[in-house]
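Sequence lines set the chain letters: A, B, ... in the order given, protein chains first and strands last, and positions in each chain run from 1. The structure displayed is predicted, hence computed values, not measured ones.
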Amino acid sequence: MFGRFLSAEKRRQQLLGKAPEGPVRDYLAHPFPDDRQGILDTVIVSMDFETTGLDTQKDDILSIGYVELQHGAIRLAGATHIYLEAQQAIPEASAVIHRITDDMAADAGKPLSAIMTEMLDYLKGKVILAHHADIERTFLQKACKELWGFAPIFPMIDTLELARQWFDRRNMHFSPHELRLFNLRDRYGLPRYPAHNALTDALSTAELFLAQMDYIGDAHKLRLKQFLVRGK
Amino acid sequence: MEVELLEIRDFLAEHPPFDHLSEETLNKLIPEITIRYLRRGRDFPPADGDLSALYIVRQGAISLYDKRKKLIGKLSEGDLHSQHCIVTDSKAHQGEAMEDTLLYSLPCSLIENLRQESAEFHNFFENRDGKRLKQALSRISGDTLGTSTMMSTKVSDIIERRPVCIEQEHTIREAAVKMTEERVSSLLVTSEGSLSGILTDKDFRTRCVAAGLDGGQPVSDIMSSSISHIDGNVSAFDALMTMTQAGFHHLPVIEDGDLKGMLTVSDLVRQESTSAVYLAGRVRKARNLDELIEASRKLPELQLCLVNAGGTAQHVGNAVTAVTDAFTLRLLQLAEERLGPPPVPYAWVAGGSQARMEQSSHSDQDNGLIISNDMKPEDDEYFEALARYVCDGLNACGYIYCPGNVMATNPEWRQTQKVWEGYFNKWIKTPEPMALMLSSVFFDLRMVYGEAELLESIRKKMLKQTQENGIFLAFMTGNALKHRPPLGFFRDFVLVHDGEHNNTLDLKHTGIVPIIDLARIYSLAEGIPQIRTIDRLVHAGETPSLSSEGSANLLDAFEFIGTLRIRHQATQIRNGEKADNFMPPENLSKLEREHLKDAFRVISTMQETLGSRYQAGRLA
């Protein structure tokens with residue numbers, strides 16, 4: 001309950017005390033980026049998951065894509081795309097969208113535990129960027145809970161949330177439809193990519209974030225704090 | 001990383017020079033990319049951006065300016081900005097995003113490595129506009145629309161067989177037997193092993209049987225002596241040109257001093273597109289105007305055939321003009337047959353593109369008559385009738401009357417040598433708009449038929465005057481600078497100086513005419529008597545007017561733009577459309593646009609040099 005009013009860093013320290021030994025505790029042992037640091041100096045990991053569905057209770061992650069940005073530039077050097085070992089048969093309804101089939105997951109898929117261990121290590125000292133970040137956060141936390149019985153918190157930036165604030169601040173009316181990644185990209189003159197591939201969507205989100213920052217202006221004066229999703 | 005999932009790779013693979021890289025190399029390239037975003041109005045390159053990087057516009061538009069804030073180009077999707085990696089002739093001082101722009105950048109070090117690995121890549125980033133253009137040129141004259149390339153075929157490769165020779169002391173009968181046995185229609189005649197003449201079937205008919213000559217006489221009595229020959233190393237196309245212009249049907253081939261054989265028209269027929277030789281031949285043999293008109297029906301196909309055979313602008317220009325000359329010549333002969341011999345000597349001169357041997361498809365007439373100063377007033381009746389016959393004949397053959405009435409039928413352009421000298425004198429001393437307009441016609445005069453000396457002495461005096469007259473040259477320069485090449489391309493538009501966009505590229509007035517004008521001024525300034533633009537440029541190189549590098553670059557630009565033009569026209573003719581000079585930019589490949597930009601820059605640089613030399617700005 002009180003968590004909502006504490007800074008992420010404070011809550012990290014609280015959780016660190018309770019976390020069992022293992023990858024989650026190791027992750028929490030590393031300080032979060034100082035939220036007074038410049039947004040341009042922050043190492044941001046734009047991330048997207050393809051899942052078997054949107055029900056975080058029942059559904060699983062099928063693939064993870066991520067790409068890093070810092071100093072107002074996306075570096076493709078670290079771009080990564082991973083298939084996960086399927087924990088359940090891939091529902092036809094989702095396979096149609098992301099085109100990941102059981103065979104692909106079986107051939108190329110890696111076990112969730114190995115991936116999550118790597119991810120938690122990689123994310124130390126970084127901020128996650130996602131479009132509608134709730135999904136990525138919930139799936140990450142659910143995976144940690146299943147694997148190690150404990151869910152950490154993650155400092156995150158949400159491009160959908162930034163767009164909503166942009167509209168609100170200008171008293172502009174908008175429909176939920178306009179907040180979709182595809183439509184926001186159009187607004188900023190970004191090219192159209194084929195959707196529903198985790199890495200492409202992570203890149204799409206990263207480019208959208210660059211555009212949002214440039215439209216706010218004076219990016220070198222902006223602090224990380226202004227961008228972080230609060231209290232979750 | 002599975003970069004193949006990113007469509008960035010597909011994007012790069014569609015744009016030169018990345019389109020030449022293997023899939024493997026491209027995959028290795030992707031992780032090196034950095035992506036940046038510039039909101040409209042932001043400076044380019046990005047303020048904190050990497051200054052040792054190559055930029056590629058993924059989406060959006062960038063304008064580039066020089067130090068004086070003059071627009072020098074615009075970049076759009078797929079365009080590169082490489083000046084940080086490669087030393088270029090022209091450098092942008094600053095840039096600005098004109099639209100929201102997404103940029104990719106690659107480190108210069110990587111580009112340098114790729115240049116070491118791939119020749120295509122290396123050539124693309126060749127630092128001099130001129131050098132790049134030279135490479136582009138060798139590429140377009142190498143690849144052709146058709147299958148056969150007479151440009152790349154050597155004469156020695158197409159001659160049928162080893163030389164069939166006979167010593168000139170042998171009898172006519174022996175020669176006939178040899179030709180029958182060897183199944184050939186011509187023989188090479190030798191004297192002590194070296195070429196002294198040729199003998200064809202026709203010679204037996206006209207010079208032996210018809211003349212009642214005995215078959216026991218020596219071959220030398222009926223052979224054609226003092227014949228020209230051709231080097232076995234020249235291209236089949238050049239051989240075609242020689243045969244068209246001279247009207248030969250047989251040409252001995254000599255290579256490194258050795259007699260290699262006989263090149264015949266039928267050897268060239270097998271290489272297709274001999275229409276120029278045949279057409280010129282038909283014209284020469286035409287007995288009357290009706291037969292000339294009949295022959296002229298083949299004219300529209302001529303350019304198409306020549307282009308299909310791999311001809312460049314220069315070849316096509318020479319061949320088309322050779323045919324026009326043949327029509328003019330034959331009409332003059334027919335006129336003289338009707339009217340009788342001229343009362344005094346005259347020279348029939350052609351102006352404009354016919355004079356420069358740069359005609360393409362159908363051109364209108366530009367001609368005049370220079371008549372001996374001995375002419376009496378009553379002689380004009382003859383010359384008027386002569387001019388009327390020729391100009392009407394040309395018009396009937398598809399060479400329409402000159403809209404500006406620059407024709408020998410106009411009394412102003414049917415004058416004695418003395419009057420013509422007066423014209424030039426006046427034009428040079430008091431340059432006025434009308435004279436400048438006519439300059440492209442009259443400062444490019446070539447004699448087609450008649451007394452060469454009549455024109456040559458005028459030219460000598462004229463060139464002496466122009467060389468000494470800076471004000472005249474300044475006026476000519478000011479006039480020439482009215483036709484400026486575009487800055488380049490922006491998406492599917494042509495970008496011109498004021499930042500406006502055009503839907504089509506006028507290859508003639510923004511590419512070819514500016515070079516013709518420059519070449520004319522160089523030749524007038526340096527007293528160069530040549531008329532063809534390429535000859536003028538060659539001779540002007542290393543004079544005070546033009547460096548040898550400038551000369552080479554202009555020659556390449558002229559040939560490149562000219563060849564694009566004739567191919568564009570050939571396509572139109574093939575599609576049953578009327579040939580024009582307007583190229584829609586979307587018909588140009590990305591690479592062709594790059595090369596055209598190089599050509600435009602070459603022209604622009606030379607125009608500026610000339611402009612500042614004569615301070616044309618003040619007079620124009």
Check: With only heavy atoms counted, which part of Leu203(A) is less than 4.5 Å from chain B, the side chain, the backbone, both or neither?
Finding: side chain
Check: Tell me, side chain or backbone of Ile33(B) under 4.5 Å from chain A's heavy atoms, or both, or neither?
Finding: both
Check: Between Phe489(B) and Phe600(B), how do the two ring planes meet: parallel, tilted or perpendicular, split at 30° and 60°?
Finding: tilted
Item checked: Proximal component of Arg39(B), with respect to chain A [non-hydrogen, under 4.5 Å] -> both
Check: Which of the residues Val67(A), Leu210(A), Leu69(A) is involved in the greatest number of heavy-atom pairs with chain B at under 4.5 angstrom?
Finding: Leu210(A)
Notebook entry, point to check: Considering all heavy atoms of both residues, which atom of Arg223(A) and which atom of Gly38(A) are nearest to each other, and what is their separation?
Noted result: NH1-N, 3.8 Å
Check: For His131(A), which of Thr159(A), Asp158(A), Asp48(A) qualifies under side-chain hydrogen bond (donor to acceptor under 3.5 Å, both in side chains)?
Finding: Thr159(A)
Notebook entry, point to check: Relative to chain A, which segment of Ile8(B) carries a heavy atom at a distance below 4.5 Å: side chain, backbone, both, or neither?
Noted result: side chain
Next item on the list: Just give me the residue among Gly189(A), Ala73(A), Gly65(A), Ala211(A) that pairs up with chain B most often, heavy atom to heavy atom, under 4.5 Å.
Entry: Ala211(A)
Item checked: Main-chain N/O of Arg40(B) paired with Asp100(B) side-chain donor or acceptor, under 3.5 Å -> yes
Notebook entry, point to check: Looking only at heavy atoms, what is the nearest atom pair of Arg601(B) and Asp598(B), with distance?
Noted result: NH2-OD1, 2.8 Å
Item checked: Part of Tyr104(B) lying under 4.5 Å from any heavy atom of chain A -> side chain
Notebook entry, point to check: Is it true that a side-chain atom of Asp43(B) and a backbone atom of Pro46(B) form a donor plus acceptor pair closer than 3.5 Å?
Noted result: no
